[in-house]
Amino acid sequence: MDSMQDILAQLNPAQREAVEATEGAIMVIAGAGSGKTRVLTYRIAYLIHQKGVDPFNILSLTFTNKAAREMKERIGKIVGHSEAKNLWMGTFHSVFARILRIEGDKLGYPSNFTIYDSEDQAKVVNNVIKELNLDKEIYKTRNVQRRISSFKNGLITPKEYFNLPELQEQDNAARMPLLGEIFKAYNERCFRSGAMDFDDILLNTYMLLRYHPETLAKYQDRFRYIMVDEYQDTNHAQYLIVKALANRHGNICVVGDDAQSIYAFRGANIKNILNYQRDYEEVQVYKLEQNYRSTKNIVGAANSLIKKNRDQLHKEVWTQNDTGEQIYLHKLVSDNDEGNFVARIIWEKHMDRHLPFRDFAILYRTNAQSRAMEDALRRKNIPYRIYGGLSFYQRKEVKDVLAYFRLTVNPNDEEALRRVINYPARGIGNTTMERLTVAANELGVSMWEICKRLPELPVNINRPTQAKVSDFITKIESYRTMLDKHDAFDLASHIAKTSGLIRTLNEDKTPEGVNRYENIQELLNSVKEYAENQSEIEDGKPGLGGFMEDIALITDADKDDPNDRDKVSLMTIHLAKGLEFPVVFVVGMEENLFPSMMTVNSRADLEEERRLFYVALTRAEKEAYLTYTQMRYRWGKLVDNEPSRFLEEIDEQYLNINVSDFSPFTGPEDVLAASNGYRKAPQAAFTRRKPQTSQRPVNRAPKNLKRVEQNAQHEGNFEALTDVSIGERVKHPRFGFGKITDLEGNGPNKKAVIAFENVGEKKLLLKFAKLEKLS
DNA sequence: ATTTTACAAATTTTT
DNA sequence: TTTGTAAAAT
């Protein structure tokens, strides 16, 4: 167990003050890399250890569940693990889902309510639109979803919606006058399915606290100390929940950085930070401005960029770290080329400098960009892990099995029922489903209820079909009787076998089919793991119900697979928030991609994109690479690009610009790879287009980039320096002066062993080393 | 009722 | 390129 004094001694004065200020309202403005997690962790340890606060009375809201787990682990090392385990710690969604499982009956929800993800949500919305006979060309699912979500984040229920002419006018203007009807029907549908969507978790928590004073009092009493991380990304609902909970003891500490606010699109409200001082009397504000993460170059570049934003709190992030290298900027021909470039740099650093793969992250604006990166990494056999995108639990076959699980735990879950009532095929088709839907709507009960009482209801469904429905019901009922008697794994594998899903998948011998089968095995493995873990805990819940509660809010970023220990990380910049890596690549620095096309017309949106870029840059500890391409595949078509406006917003002194129309990274090897695959077309397109592009007057590349393009030829010469011999003195851009002591390999793989004056002996691939001869 | 085929539409970002 | 939906065929 580490001593508290030792720990406090590790903190700088500002950090230490923030840790020791335990009472009242605290706001910590924490610049990127300023050790904010450290402060939060030690603050909790300090509360427990020095102030004798019971961990049970501490609530800490983090950005990911993984972050919560890791903090708990570190706190456990200081105060003891049996103590730390009682902390209330996790994301807003997981902590409040937990409370709603306990208290939800007060709102009419069962404790085993289902959590609908966006796919479920979209399906409910679609069904409702269809049932209301609305034109789906006008009522686009995505738009309706977004709209409903924004209502909920603003704590507006259907009832309130109809009292707010303003909102109705907005929808009228958007040619969606019946949006309120959809909203109402959607909510009713979810409610009678015993289901909440992500936004409901917050909205319902708010409703619970607002209309059940005794429950509010209970949790106010319990949470004597509250901490909120990433406060800049909380929305109105979250803000009010926290405010309500803190109302009694008033010990609340929020940590955030307005420069890293990147979730306005989902309702996050930057004003929460600004209002904080108004809401609480005598707010103590601490600023953490010393960056411990990145080099001077990276911090300087990020600062120069974020200065372009008009709306921001004043803050001066600085660092004592080394100057480090400039940020590399590279222009590539295509997205394929970009992938090859990144893969090649990673490979080089891995081989020559022995950097483990986990030191690298590739960050992009949109998930679609991962493909080119994956292809390139796979070709070089570089292990990688993708975060986000289509996560494991969203795959079709996994969701199918989960739908059976869901139905077993909560048979009212209509989306689960719709998904599998005829999968595998049982002869229950659209006509039957329509009639069941009508009956459910008329009686206002769940579809499960209708199916169960089908014989006694005046529903026009013929006998044979009724029998098929009732067979299905019987099957699910039989699973339900096993819920309490069997652990999650026994029941799950029983369901997988007897539902016919495994059999159906087994018949498919295509590679994709085999893969799907393996995914189901993997799912069952994770059920097994869950059941085993839970039976070890004294008050564990080894049943399937517990498993379903557990996975609903687990995201990709929360998983911690030991197999993923040494892999390159690929993720969107949004997902990278809070993480750090020695070497970071930010790819696709192009207009219309980053900043996204959707944002360039509004200053507020554009500033959010700029903050996003700020977040991306500040993930890097030692080195950052920015890349953009001349053309890339979008919508299956080649599209010409211009460099991102953000590139010229970075102060030039921090950049090492390698931009030329000649791309040294499309070597013979890549031509081969390209002509092998399905992307023959681009290759042809390049050769035809290249001369054109260089003459085109429309090429609006930023001025400073264009100017340095001239120098690029010069840069190119460094690449070619392979005709060196032992004994020669050379200069390396990073390692400085050195003498060649040995040579090995031939042609493109020729390597030199060089004794550098300052950094010792290194073995470098000549084609990458950018050596300069000293004569 | 289910499978096949053809054609259009679509891309921000996430709990 | 992929994904989803609608019409057509079995």
Side-chain angles (χ1 to χ4, degrees), chain A residues 61-65 90-97 115-123 126 130 136-137 140-142 145-146 149 152-153 196-203 205 230 233-235 237-238 261-268 335 363-372 375 387-391 393-394 396 422-433 462 464-465 468 552-558 571-577 588 590 592-600 605-606 608-609 611-613 615-616 632-639 677-679 681-682:
Chain A
L61 298 164
T62 56
F63 187 65
T64 63
N65 291 308
T91 60
F92 271 92
H93 289 267
S94 61
V95 167
F96 293 129
I115 296 173
Y116 277 178
D117 66 12
S118 339
E119 192 192 333
D120 298 315
Q121 189 184 37
K123 284 184 170 165
N126 271 335
K130 221 176 273 172
K136 68 177 168 110
E137 295 300 315
K140 297 249 166 109
T141 318
R142 293 279 325 159
Q145 261 181 297
R146 245 202 304 273
S149 175
K152 289 185 177 178
N153 286 330
M196 297 189 198
D197 62 27
F198 292 132
D199 303 316
D200 285 330
I201 292 174
L202 303 177
L203 175 66
T205 303
E230 307 286 5
D233 287 326
T234 52
N235 63 31
Q238 291 167 321
S261 157
I262 53 175
Y263 281 103
F265 73 91
R266 72 170 193 212
D335 45 0
L363 308 182
Y364 34 76
R365 177 66 239 266
T366 66
N367 283 306
Q369 288 165 260
S370 71
R371 163 82 59 84
D375 286 349
Y387 292 75
L390 250 198
S391 86
Y393 291 110
Q394 291 172 331
K396 186 190 173 298
N422 198 32
Y423 184 76
R426 301 188 173 82
I428 304 170
N430 283 337
T431 329
T432 309
M433 290 314 289
N462 61 37
T465 313
K468 288 172 194 159
L553 292 167
I554 293 289
T555 65
D556 242 24
D558 294 326
M571 63 186 94
T572 62
I573 301 167
H574 283 91
L575 281 178
K577 191 170 76 156
E590 294 143 29
N592 294 328
L593 184 61
F594 193 18
S596 155
M597 205 185 330
M598 328 289 287
T599 63
V600 292
D605 287 349
L606 195 61
E608 175 149 320
E609 295 282 291
R611 290 192 295 267
L612 192 57
F613 186 32
V615 168
R632 102 172 30 242
Y633 265 97
R634 292 240 254 170
W635 311 290
K637 280 210 172 70
L638 265 182
V639 183
Y678 46 90
R679 283 187 181 172

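So you know, we letter chains A, B, ... as the sequences are listed, proteins then strands, and number each from 1. All values below were derived from every heavy atom in this structure, side-chain atoms included, with hydrogens, water molecules and symmetry-related copies excluded.
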Any base atoms under 4.0 Å from [X], or only sugar-phosphate, or nothing? Heavy atoms, all strands.
X: A:Thr431; result: sugar-phosphate
X: A:Asn367; result: sugar-phosphate
X: A:Phe92; result: nothing
X: A:Lys468; result: nothing
X: A:Asp117; result: nothing
X: A:Leu575; result: sugar-phosphate

Partners of [X] by side chain to side chain donor-acceptor pair (under 3.5 Å), sequence neighbours excluded?
X: A:Tyr116; value: A:Asp413
X: A:Tyr387; value: A:Arg385
X: A:Ser94; value: A:Asn65, A:Thr91

Determine which bases of DNA chain B form Watson-Crick or G-U wobble pairs with both distances under 3.5 Å, and write the result as a 5' to 3' dot-bracket string with | for other-strand partners.
-> ||||||||||.....
Residues two or more places apart in sequence or in another chain: which of them pass salt bridge (charged side-chain N to carboxylate O under 4.0 Å, His left out) with A:Lys140?
->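 Salt bridge (charged side-chain N to carboxylate O under 4.0 Å, His left out) check on A:Lys140 returns nothing, list empty.
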Taking salt bridge (charged side-chain N to carboxylate O under 4.0 Å, His left out) as the test, write out the residues that go with A:Arg365, two or more places apart.
->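 A:Glu609.
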Set of side chain to side chain contact (heavy atoms under 4.5 Å, CB included) partners for [X], sequence neighbours left out:
X: A:Ser261; answer: A:Gln232, A:Asp233, A:Ile270, A:Arg611
X: A:Asp605; answer: A:Thr599, A:Ser602
X: A:Lys130; answer: none
X: A:Ala425; answer: A:Asn422

Using a cut-off of 6.0 Å, state whether more than 12 heavy atoms not belonging to A:Asn430 lie near its atom CG.
->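 It does not: A:Asn430 CG has 12 such atoms or fewer within range.
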Upstream residue (5' side of DNA chain B) when A:Leu553 and A:Asn430 are each assigned their closest nucleotide =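 Going by which nucleotide is closer to the 5' end, it is A:Asn430.
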Closest-nucleotide 5' rank along DNA chain B - winner of A:Thr465 and A:Ala368 =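 Nearer the 5' end of the strand: A:Thr465.
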What does nucleotides 2-10 of chain C look like as a protein-contact string, B for base, S for sugar-phosphate only, - for none, at under 4.0 angstrom between heavy atoms?
-> S--SS----
Ignoring hydrogens and angles, state whether a donor on the side chain of A:Gln121 or A:Ser118 is under 3.5 Å from an acceptor on the partner side chain.
->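 No pair is found: no donor N or O on one side chain lies under 3.5 Å from an acceptor on the other.
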Taking heavy atoms of chain A and a 4.0 Å limit, find me the 5'-most and 3'-most nucleotide of DNA chain B within that range.
->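 Under 4.0 Å from chain A, the extent on DNA chain B is B:dA1 to B:dT15.
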For B:dT11 and C:dA6, measure between their C1' atoms and round to the nearest Å.
->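 Looking at atom C1' only, B:dT11 and C:dA6 are 23 Å apart.
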